[in-house]
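The next block holds one structure in the form of structure tokens; read it before the comments.
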Amino acid sequence: LISMVRVLWAYHSENKDDKILNTKDFDKIKNILIGIHKLGYDVSFNIGRIDKMSINQLNKLIEFINTTPIQIFYIADTYGHLDTNLSKKYLEIIKENLRQDIRLGYHAHNNLNNATVKTLLSLDHGVSIIDGTDAIDSTLFTTVGRAYKPAIAGNGGRKRGWPRKP
């Protein structure tokens, strides 16, 4: 049963210039989000390539997001280039300005071998949903263990609702 649809907006620059946020897409994106919401699904909006956004662009994006019917705002470190300082700064800005009823998700990539650290940092800054490409890394269990109390591995862990909240 599908209950949530996540919409990705990865190429948010105008004319391939990352210095210019393509606000021309806002109306089209909003219509898509509203349409999915009207069909009865929870809606997650995923911003990809967040490392390419300036603070000003991020603030404009949050203003836009606050006018949409989404339940979850998901940020993706698409290229794995975010360092912990920039991750922390972005998360603080988002947490301070995002509409209170919108949950925050974080998708880390492990290109710099810091996905677990960034994911743990995200949990300390208001993120309640995590996933990432460090899933092949055994340190994922550290991340999941911090966020949830997982079922015992083996013998149908996922079938029993893994990961489950404590």
Side-chain angles (χ1 to χ4, degrees), residues 3-135 140 143-144 146-148 165:
S3 62
M4 188 265 295
V5 175
R6 185 162 74 178
V7 176
L8 168 65
W9 189 37
Y11 296 96
H12 38 71
S13 59
E14 189 172 309
N15 298 323
K16 299 185 180 182
D17 183 353
D18 286 326
K19 295 178 184 161
I20 304 170
L21 183 65
N22 187 2
T23 57
K24 295 173 190 171
D25 281 348
F26 281 0
D27 286 338
K28 180 171 41 172
I29 292 167
K30 190 171 187 175
N31 287 334
I32 292 168
L33 298 174
I34 289 169
I36 294 168
H37 181 72
K38 283 182 177 179
L39 291 172
Y41 295 104
D42 286 342
V43 183
S44 174
F45 181 65
N46 182 0
I47 187 68
R49 300 173 61 241
I50 195 163
D51 61 309
K52 302 295 184 188
M53 297 187 90
S54 69
I55 299 302
N56 185 43
Q57 291 172 329
L58 181 59
N59 282 320
K60 286 181 184 176
L61 177 65
I62 294 168
E63 285 178 29
F64 164 69
I65 289 168
N66 286 338
T67 69
T68 70
I70 69 168
Q71 288 78 36
I72 303 164
F73 175 49
Y74 226 98
I75 61 173
D77 178 17
T78 305
Y79 301 124
H81 295 161
L82 279 177
D83 63 25
T84 54
N85 291 328
L86 193 53
S87 291
K88 182 179 176 183
K89 188 173 190 171
Y90 282 176
L91 288 165
E92 287 171 349
I93 290 168
I94 293 166
K95 187 176 178 183
E96 183 177 317
N97 296 294
L98 191 65
R99 206 175 67 222
Q100 293 296 314
D101 64 321
I102 299 175
R103 295 175 62 197
L104 187 56
Y106 191 83
H107 176 88
H109 283 237
N110 203 31
N111 302 46
L112 300 176
N113 290 321
N114 65 356
T116 300
V117 171
K118 290 183 290 192
T119 303
L120 291 171
L121 178 95
S122 75
L123 292 169
D124 288 336
H125 286 85
V127 167
S128 60
I129 303 169
I130 56 171
D131 68 34
T133 58
D134 70 335
L140 174 67
T143 307
V144 170
R146 175 120 180 326
Y148 298 98
K165 291 185 179 181

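These numbers come from a predicted model, not from an experiment.
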Note to self: Could you walk me through whether D124 and L120 satisfy the side-chain contact (heavy atoms from CB on, under 4.5 Å) test, starting with their C-alpha distance in whole Å, then the side-chain angles of each, then the deciding distance to 0.1 Å, before giving a yes or no?
What the structure shows: CA-CA 7 Å; D124 288 336; L120 291 171; 5.7 Å; no
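Using a 4.5 Å heavy-atom cutoff, the side chains of I62 and N66 are in contact. Side-chain atoms of I55 and K89, non-hydrogen and from C-beta on, do get closer than 4.5 Å to each other. Residues L82 and K118 form a side-chain contact, since some pair of their non-hydrogen atoms from C-beta on lies under 4.5 Å apart. A heavy-atom distance below 4.5 Å is not found between the side chains of V43 and V5. Residues Y90 and D77 fail the side-chain proximity criterion, which asks for heavy atoms closer than 4.5 Å. Between I29 and F64 there is a side-chain heavy-atom pair separated by less than 4.5 Å. L91 has its side chain within reach of S122: a pair of non-hydrogen atoms, C-beta onward, lies under 4.5 Å apart.
For K30 against T68, the heavy-atom pair with the smallest separation is CG-CG2, 4.2 Å. For the residue pair L104 and G126, the shortest heavy atom distance occurs at CB-O, 3.9 Å. Taking all atoms of both residues into account, the shortest heavy-atom contact from D83 to N114 is CA-ND2, 4.3 Å. Annotation for S128 and R103: closest pair OG-NE, 3.3 Å, computed over non-hydrogen atoms. In terms of heavy atoms, R99 sits closest to I70 at NH2-O, 3.2 Å. The heavy-atom pair separating M53 from I47 by the smallest distance is SD-CG1, 3.9 Å.
Atom-to-atom distance recorded for Y74:OH and I102:CD1 is 15.0 Å, nearest 0.5 angstrom. Rounded to the nearest 0.5 angstrom, I94 CD1 and N59 CG are separated by 9.5 Å. Separating the OG1 atom in T116 from the CG atom in L121 is a distance of 12.0 Å, to the nearest 0.5 Å. For the atom pair CG of L33 and CD of Q71, the computed distance is 10.0 Å after rounding to the nearest 0.5 Å. Atom-to-atom distance recorded for I75:CD1 and F45:CZ is 12.5 Å, nearest 0.5 angstrom. Between E63 atom CD and L58 atom CG the span is 10.5 Å, to the nearest 0.5 Å.
Using a distance-only test at 3.5 Å, with no hydrogens or angles considered, a donor-acceptor pair links the side chain of N110 to the main chain of A115. No donor-acceptor pair closer than 3.5 Å links the side chain of S44 to the backbone N or O of R6.
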